[in-house]
Structures are given as C-alpha cells and as structure tokens.
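Letters go in sequence order (proteins before strands), and every chain restarts at 1.
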There are 2 protein chains.
Amino acid sequence: MGERATIGDVAARAGVGVGTVSRVLNDSRNVSEDTRERVLRVIRDLDYRPNRRARALSTGRTQSIAVIAPFATEPSVVERLRGISHELHGSDHDLTLLDVATPDQRDQQYRAVAAGDRFDGLLAISLAPTDDEAEQLARAGLSTVLLDCEHPDLPRVVIDDVRGGMLATRHLLQLGHRRIAFMGDVADRGFRFSASARRREGCELALRAYGLALEEPYVRVGPHGRAVAHRLTDELLALPEPPSAIVTASDTRALGVIEAASSAGVRVPQELSVVGFDDLDVAAYVGLTTVRQPLRTSGGIAARLLLERIGRLVGDPVEKMLELELVPRRTTAAVGV
Amino acid sequence: MGERATIGDVAARAGVGVGTVSRVLNDSRNVSEDTRERVLRVIRDLDYRPNRRARALSTGRTQSIAVIAPFATEPSVVERLRGISHELHGSDHDLTLLDVATPDQRDQQYRAVAAGDRFDGLLAISLAPTDDEAEQLARAGLSTVLLDCEHPDLPRVVIDDVRGGMLATRHLLQLGHRRIAFMGDVADRGFRFSASARRREGCELALRAYGLALEEPYVRVGPHGRAVAHRLTDELLALPEPPSAIVTASDTRALGVIEAASSAGVRVPQELSVVGFDDLDVAAYVGLTTVRQPLRTSGGIAARLLLERIGRLVGDPVEKMLELELVPRRTTAAVGV
DNA sequence: CTGAAAGCGCTTACAG
DNA sequence: CTGAAAGCGCTTACAG
C-alpha cells in the first residue's frame, strides 16, 4: 500500500507551507524562483503526484469527461470514439464511457451525468437530449457537445443527413432505378436517434424531383444490425414487385441486404443495387457503394470543441457541419431490365 | 448552476446529524426505522445524491475502474469492451478507458494508474505488465485483472494461444498443405503483446509433428492491420516457392491476405488457403476459416472477476482459460496441385 | 440509536 | 512572496 506522498509531506520536507506547494503546482507566479526549485526538487524526490480526487473536491473540476454512446450497436461509434480518444490524449482529461444499450439506460445515464458532480464535460453521440435534459445539463453547468445529433441550445458536430439520403438516392436514379426502397431505423424506440429519419427524408426528396414517391411497402425499418436487415430484405424481395435498389441508413444494414440477396440467389448489382452509409473499413473491402462521412474526424472535432468550452461558460451553440461524399463501388449498377 | 443539495442540507431538514444521514446511505443497520424513513423522505424531496468525489476522498474508493487497451488497433478489443461494459452495468462502477496507441502511451498509462488514487481496479487488455509494473500495482493496492495477457502474480482471463496456432495449422496439414506460412506480430515493439508469438509456437509444433519446420522466409511479421498484411502477402507470393497456405494471427490480417491474393490474381482457396484468428463478425460474412475465441464473453468474465476482487485483498492469481474452436469456412481447401 | 468532531488531500482567499 | 486556516462533501470511530 505504497504510502503515497501527500502535499503535506512535500511541504514539510521542503520547509514551506502546503499553500506554497500548491502554488508551485498551479499558479506558477507569486513564488520565488528559489522556493519553486526547492519544492520541485522535493516533488521529484518523493515522486509526489497530487491526488485528483482531493483536487476535484476542492476546485469542483474533475478532469474527466463523459461520453454517452450507443456503444453496443454501431461500429461507426467505435470510429468516433477513436477520434475522441485521440484528441483527449495529452489534454489531461479522462474519458469515461457511458454505454447505452436500451432506452432505459439512455435516460439513466443522462440523469446520472446531469447529477453534475462527476464530469467536467459531456459528449453525447447519436442520442439527442430532450429539452428537459438539455436544461438539466445547463443547470448543472456541464459543458456539453453533441455528435451526430442535435438540440437547438447545444453546440454540435453533425452532417446533413437529408443531403446524405439524397446523394444515395440520386446516384440510383441516375443509374436508371425507379423502384427504390429505403431501409433504416424505427421511428423512435426511446433512444431519440434522428439520423435515419432524416436520410429517409432525403431519399423522398430525391425521388420527388423525379416525380416519384417513396411508397409504404418500400420502406422497411427495424433496429440496427445485419440480421434485422437480412430479414427486412427478405420481405422486400418477396414483394410482388420487388425493388431494383435499396438505400440503407448504414453500411451494417447494407451488408445484411447483400447477405440476404446472396441467400435468395439475387445477384448484386445485376438484379439489386445497394447503397450503404458511413463508409466503414469493411465497405471498401466488400466493394460497397456508400455515402462516406468522416467518422473518426467527427470525434476529434467534437472533443476539441468540448475542451475549448469546458470552464468557459460562453456558449452560442455553434454547429459544425461535416462533408459527405458518395463513393461508388461495386454494389450499384445501371438498372438491369 | 443548480445548487445541489449536500448531506448537510439533508441533515438540517431532517433534524439529524450528517453522520446519521451517512449511515442511512451506507450502513443500513444502527438507525431506527423512524429516523431512516424521515431521512429517506428528505433525500427524495431534495433529490439529494451523494457527491462521489467527496465520498471517494473519504473512503479511498472511487467506484471507477480503468481499462487499459490498445484500442485504436484491434477490432477484437471492441468486442471485449462490450463484454466488460455489459458486466459493469448496474454494478455502480464507471469504466474509464485508457487508450494506448504507442509503447510510450502504454508505459504512461500504467504509471498513471499505479499512481493509485483514481481507480478501484484495473483491467488490462493484451498489454502484459512488466514485473516492475505488477509490483507497483500491488503496492498501490489496486485490484488488477489481465485479459489476453499474463503475469504470474495476477489473475487473468486467457486462451491457449499455442493450441490456437496448432488448431489452425493442423487443419491445413490435414488438407494436405505442406508449404505453410505464418503471419503475425513483430516480436515486441514495446507493447508487450504475446499472443502472436504463442500462436506461432503452436504453428511450429504442429508442423514438427509432421516432420516439417517453419522456415524463415515463411515467417512474416509486422504491426497489426490489413494494409501491412497485404504488403507481407505480396512478399510471400513473390517467393520462388510461395506457400500454399497462410496461418495469420488475426482475422484482420487474414482479410489483408485475401485482398492481396485477389489483387495478385491468386485464387482463394484454390491456390492459397487462409486461416484467421478471432472469428470477428466479418469472418462469417467473408467466409473466412478461422480460430474462434469468445471475445465478448472474455470481457464479461474478466470484469466479473475484477468486481469480485475489488476491496478484498485476497488474491491467489487464478487463471481462467477459455475455449477455442476451429471454424472451417470457404478460405481453406485441400491443397491444389 | 445518534451527534459532534476529526480527517481524507487538496485550493484559495486572507493577512502579513 | 508565503504561512495559517477555512472549506470542498463526505465517512467513521468515539462518546454517550
């Protein structure tokens, strides 16, 4: 139980008061060069490191930021976390991961964070706060940045999901497709995801420009995941007039679509075109046509934004909009017949 | 800045001392039913939640566990983190992720954790501590569990990597392959990874049983990743007598091998058999023959083990050995010629 | 069963 | 420039 040195030990050994040691540690100025050096030497000799808990209690700052994320479901989240983690390195801030697997947990985590004594800042990925939650966070004085979700009062890093849906759909329209289906998230299972609904809007807008509508049987929604997408694809393929192309709200779903097509003996892209969303690593590998968004970068940008804001209570809720790009690969082709 | 209630507020309003409130919060016994109810009512009325920092300072317990992980490199780590996170839910413990991308960071993070005032426990993934570090951790009284790495003094959750290498190699030998190459990690870049070296040992043992040896040109090592594996495969294929099969130390590498073979016009499995390791989701999708290890489960088991040990200073260093299984799919076949 | 007090290891006015 | 002291919000012997 290594008996760690405390600030008192350092002070005693250096022949000064603890206040002076603290000043050397923080203030910098208002300490004579002599004293500073003596204290620093003792600190080194004793291998003294300030206790963060004590400091936190005293200053009200924790040096720790929370990330709320639907971790278990989306590989894209992992990319974002990488960007965040990278940016936090060397910033002297911990990253505490608050994993969310159910709507209940989502609510719980928001409440726990807003309780307000554990973190300096919050980064929420994909899980938009309610008005109520946003207010709680503000009241707790907790700097917050949203990533891949929105709230009018909070700074955020986002993409134009509507445009993303349009990009995917337009690509298919230009290839001659007319029977285009959309596969995405259920409206709202309590997570308050919004990206999928927006992408669907974009899909509808693009179709409308061609005088087409997104008919009900061509819209399939369900929880995220390859297996679900597989099942939904089976449904689409069983339709009297199956679609010739499917726009999906994520690469993971697109993989499920391809899998289902393959089991059903439907050739991609000859008989069915598929567009994903995200451009995960696996997309390049599989040759998936997709809408690329800068996942890792988005995490870095959000983290930097948060670090800038921590402490300062300024806060016009800026919005950083990241670029999208359609990446055509081998899962889309001109319409067959 | 919502003026959160403190234990003092509760005590005042309930007409008792703070010690009593604290007892209601913790002890349970030694408080009259009357008092307890009164205090609990006030706690509810004031929406009081104890300040964890203060509690931590006072008890020396942080309710927070650290996970050191080579996060940025391995998708398999993500699976493990899921298992850990799942197990921690409802345990009232935070998970702080200490990401490691370089050997320097590895050393830094170990040192920071061993400083000893921020965490109740440590879970180290794939990054074996040195004797020195293990001792520091013990001195700091920090409960530690290792996952996918070993130290004689610490409890650990592992697989038999040697056996894993044997399983993969034997499968190929039984298919008639004799020119078998191994592709894995460089000996040690400072991370202290050991899995790859063990798997290679297993590969050699299996070969020896057939009177074969693992010749130098058939051993290719490099940092983890698809791109590197691609390059190493190019080297192998350029050999005067290229291998007919490659055992890789991870699915990610196996994907790089397949990619390289495809670019080089070498058909898999007809001209080249490939075995991965891990059985990531993508393996099933791609049809990769691989050695399956229970990644997510391993995280859960390690987390549970850690939670059991936190606080209790007992500690015979148990070892939990998880099962391996060869999963034959479409990237291995009987030797061609 | 319960209150008053000391203590956890820091920071930060307040004097000087 | 520097020391002594109060305070951050808890827990936990110590009395009673």
Side-chain angles (χ1 to χ4, degrees), chain A residues 1-40 42-43 46-64 92 115-118 120 140-141 311, chain B residues 1-40 42-43 46-64 92 115-118 120 140-141 311:
Chain A
M1 283 292 193
E3 297 304 322
R4 289 188 58 208
T6 70
I7 197 170
D9 300 333
V10 175
R13 184 129 159 198
V16 299
V18 294
T20 300
V21 176
S22 179
R23 268 170 229 121
V24 170
L25 252 27
N26 303 297
D27 251 346
S28 293
R29 50 205 168 141
N30 290 128
V31 181
S32 75
E33 201 44 45
D34 247 34
T35 313
R36 156 188 319 289
E37 287 196 354
R38 189 147 34 96
V39 170
L40 285 177
V42 175
I43 286 178
L46 262 43
D47 189 28
Y48 167 72
R49 267 161 292 189
N51 179 319
R52 286 171 54 132
R53 295 200 301 273
R55 169 178 278 171
L57 184 56
S58 186
T59 60
R61 303 278 299 279
T62 65
Q63 308 277 81
S64 179
D92 206 32
D117 57 347
R118 289 159 55 198
D120 286 352
Chain B
M1 282 296 194
E3 295 306 323
R4 288 191 58 209
T6 71
I7 196 171
D9 299 334
V10 175
R13 184 130 160 198
V16 300
V18 295
T20 300
V21 177
S22 179
R23 268 171 228 121
V24 170
L25 252 28
N26 304 296
D27 251 346
S28 292
R29 47 201 172 145
N30 289 130
V31 180
S32 74
E33 200 45 43
D34 247 33
T35 313
R36 159 190 315 289
E37 287 197 354
R38 191 148 31 95
V39 170
L40 285 177
V42 174
I43 286 178
L46 264 42
D47 190 27
Y48 166 72
R49 268 161 291 190
N51 180 317
R52 284 170 57 131
R53 295 199 301 271
R55 169 178 278 170
L57 184 57
S58 185
T59 61
R61 304 278 298 278
T62 66
Q63 307 276 83
S64 179
D92 206 33
D117 58 348
R118 289 158 57 198
D120 286 352

*Taking OP1 and OP2 of D:dT2, is either one under 4.0 Å from a side-chain nitrogen or oxygen of A:T35?*
yes

_Nucleotide C:dT11, atom C1' - distance to CG of A:L57 in whole Å_ = 10 Å

*With the side chain of A:S32 defined as its heavy atoms from C-beta on, choose the nearest nucleotide among D:dT11, C:dC10, D:dC1.*
D:dC1

*With side chains defined as the heavy atoms from C-beta onward, is the minimum distance between A:T35 and A:R38 less than 4.5 Å?*
yes

*Earlier contact from the 5' end, DNA chain C, for A:V21 and B:T59*: B:T59

*Rounded distance (Å) that lies between atom P of D:dC8 and atom CZ of A:R118*: 22 Å

*Counting N and O atoms only, with roles assigned by atom type, does the side chain of A:T62 sit under 3.5 Å from a partner on the main chain of A:A56, one being a donor and the other an acceptor?*
no

*What integer distance in Å separates A:R55:CZ from C:dT11:P?*
5 Å

*If a stem is a run of at least 3 consecutive Watson-Crick or G-U pairs, both distances under 3.5 Å, which stems include DNA chain D?*
C:1-3 with D:14-16, C:5-12 with D:5-12, C:14-16 with D:1-3

_Distance check, rounded to the nearest 0.5 Å: A:L57 atom CG versus B:N51 atom CG?_
6.5 Å

*Separation of B:N51 atom CG from D:dT11 atom C1', in whole Å?*
13 Å

*asked:* Is it the case that the side chain of A:R13 and the backbone of A:V42 share a donor-acceptor pair, with hydrogens and angles ignored and the cut-off at 3.5 Å?
replied: no

*asked:* I need the B:R53 CZ to A:S58 OG distance, nearest 0.5 Å.
replied: 10.0 Å

*Please determine if a side-chain N or O atom of B:N26 lies less than 4.0 Å away from the OP1 or OP2 oxygen of D:dT12.*
no

*Expressed in angstrom and rounded to an integer, what is the separation of B:D9 atom CG from D:dC10 atom P?*
9 Å

*Heavy atoms under 4.0 Å, any strand shown: does B:T6 hit a base, just sugar-phosphate, or nothing?*
sugar-phosphate

*How far apart are the closest heavy atoms of B:V18 and B:G8, and which atoms are they?*
CG1-CA, 3.9 Å

_Distance, rounded to the nearest Å, where A:R61 contributes CZ and D:dC8 contributes C1'_ = 15 Å

*Could you tell me the separation between the CG atom of B:L25 and the CG atom of B:L40, rounded to the nearest 0.5 Å?*
8.5 Å

Please list each protein N or O that sits under 3.5 Å from an N or O in nucleotides 4-7 of chain D, with the distance.
residue: D:dG7; atom: N2; partner: A:S58; partner atom: OG; Å: 3.3

*Does the side chain of B:V16 come within less than 4.5 Å of B:R23's, by heavy atoms?*
no

*asked:* If you define the side chain from C-beta out and look only at heavy atoms, does anything of A:V21 sit under 4.5 Å from A:V24?
replied: no

_I need the CG-P distance between B:L25 and D:dT11, as an integer number of Å._
6 Å

*Whole Å only: how far is the CZ atom of A:R53 from the P atom of C:dT11?*
14 Å

